[in-house]
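A short worksheet on the structure shown next.
Numbering of ligands and ligand atoms starts at 1, following listing order. Numbers here are sequence positions counted from 1.
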Amino acid sequence: MIDKIDTETLEGWLDNVRSFADAGRVADYIPALSERDPHELAAAIYYLDGDYYQAGESDCCFTLQSISKVISLALALIDNGEEYVFNRVGMEPTGDPFHSIYRLEQHRPSKPLNPMINAGALAVSDMIHGHTTEEKVGRLLSFLHELTDDQSIKVNEGVAASEFETAYLNRSLLYYLKQHGVINGDVEDTLKVYTHQCSIDVNVQSLAKIGAVFANEGRDLKSGRQIIPKHLAKICKTFMVTCGMYDASGSFAIKVGVPAKSGVSGGVMASINGFGGIAVYGPSLDEKGNSVVGFKLLEILSNRYDLSIF
Ligand code: GLU
């Protein structure tokens with residue numbers, strides 16, 4: 001029997017971590033993200049039996065950013081199968097910052113080390129089936145609607161435009177991948193798919209629900225319908241453990257010990273088998289790009305409720 005963390009208890013834990021936001025900074029390399037208040041804070045927990053609790057500014061919308069990499073990977077694996085995807089993108093953690101180009105130069109034939117760094121995620125976006133960028137983004141949105149049971153989830157066009165205009169590093173990664181035959185599509189088209197997937201607006205409720213579906217071995221919580229095949233959900237969660245928290249994934253595994261993925265907007269999604277999904281939003285980031293309060297809250301919850309999978 002799980003000792004449930006209800007809204008009141010969760011509010012209490014949020015109060016404990018609120019001040020940690022002062023230790024970080026809001027991402028500013030994407031102009032639209034820099035406008036967020038570093039002290040925004042929200043969290044949600046979705047249990048596998050459907051019980052749901054939220055606390056803080058839970059109506060706040062924020063963009064998925066890198067958390068989208070887990071979702072696009074699941075869709076690309078469904079579309080193409082493991083062999084096709086992992087012939088083009090590796091399975092190993094890097095220890096480098098998420099937008100690093102360095103390792104691409106070191107491997108022959110060139111292959112991004114994993115799908116959670118930008119080079120790998122850009123290659124994954126290229127693999128999503130669809131004849132046009134609109135069709136690819138539309139399929140990704142439909143997949144999210146299925147995972148969350150929320151048809152209102154959409155792209156924040158302002159953030160997408162802001163990121164697309166300033167994505168010089170991601171463009172260079174894509175040109176490199178194109179030169180080496182890792183992507184088939186056009187550079188600008190693939191960048192458009194990627195920047196749109198990163199700019200999908202969610203709240204902590206929808207994010208916790210996605211985490212819970214992954215924790216439920218890919219099955220819808222209510223109907224039990226298999227949305228993501230079990231073995232593919234397992235692959236995604238394994239990447240969350242080994243590379244989900246940027247180059248702090250090792251210390252996160254030791255201190256928290258749950259599959260999780262963070263994004264530079266300040267969101268973190270955790271997915272814990274036998275428990276459910278947890279989402280935290282706090283846009284103040286540490287030097288690795290993880291939400292400072294997100295990391296801290298998950299550390300506290302993991303220790304208090306014995307959540308570590310190790
Ligand atoms: N859209 C962001 C980028 O590619 C995602 C980065 C992140 O959240 O880690 O720079």
Interfacing atoms of ligand 1 (cut-off 4.0 Å, heavy-atom, [X]):
| X | answer |
| --- | --- |
| Gln65 | 1 (N), 2 (C), 5 (C), 8 (O) |
| Glu163 | 1 (N), 2 (C), 3 (C), 4 (O) |
| Tyr194 | 1 (N), 2 (C), 3 (C), 4 (O), 5 (C) |
| Cys198 | 1 (N) |
| Asn118 | 3 (C), 4 (O), 10 (O) |
| Tyr246 | 7 (C), 8 (O), 9 (O) |
| Tyr29 | 2 (C), 3 (C), 5 (C), 6 (C), 10 (O) |

(request) Please check if the side chain of Thr9 supplies one atom and the backbone of Ile5 the other of a donor-acceptor pair under 3.5 Å. (result) no
(message) Using modelled atom types and a 3.5 Å cut-off, is there a donor and acceptor pairing between side-chain atoms of Ser302 and backbone atoms of Glu299?
(response)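 The answer is no, because no donor-acceptor pair under 3.5 Å joins these two groups.
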Polar contact flag, side-chain donor to acceptor under 3.5 angstrom, [X]-[Y]:
| X | Y | result |
| --- | --- | --- |
| Lys69 | Ser66 | yes |
| Asn303 | Lys255 | no |
| Ser199 | Asn156 | no |
| Ser19 | Asp22 | no |

(message) Just checking Tyr47 against Tyr52, ring centres under 6.0 Å apart?
(response) no
(message) One residue to check: Asn170. Relative to ligand 1, which of side chain, backbone, both or neither has a non-hydrogen atom less than 4.0 Å away?
(response)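 For Asn170, only side-chain atoms sit under 4.0 Å from ligand 1.
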(request) Classify the contact between Ser66 and ligand 1 as side chain, backbone, both or neither, using a heavy-atom distance cut-off of under 4.0 Å. (result) both
(message) Geometry only, no angles: is Gly263 polar-contacting ligand 1 at N/O separations under 3.5 Å?
(response)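 N/O-N/O distance below 3.5 Å does not exist for this pair.
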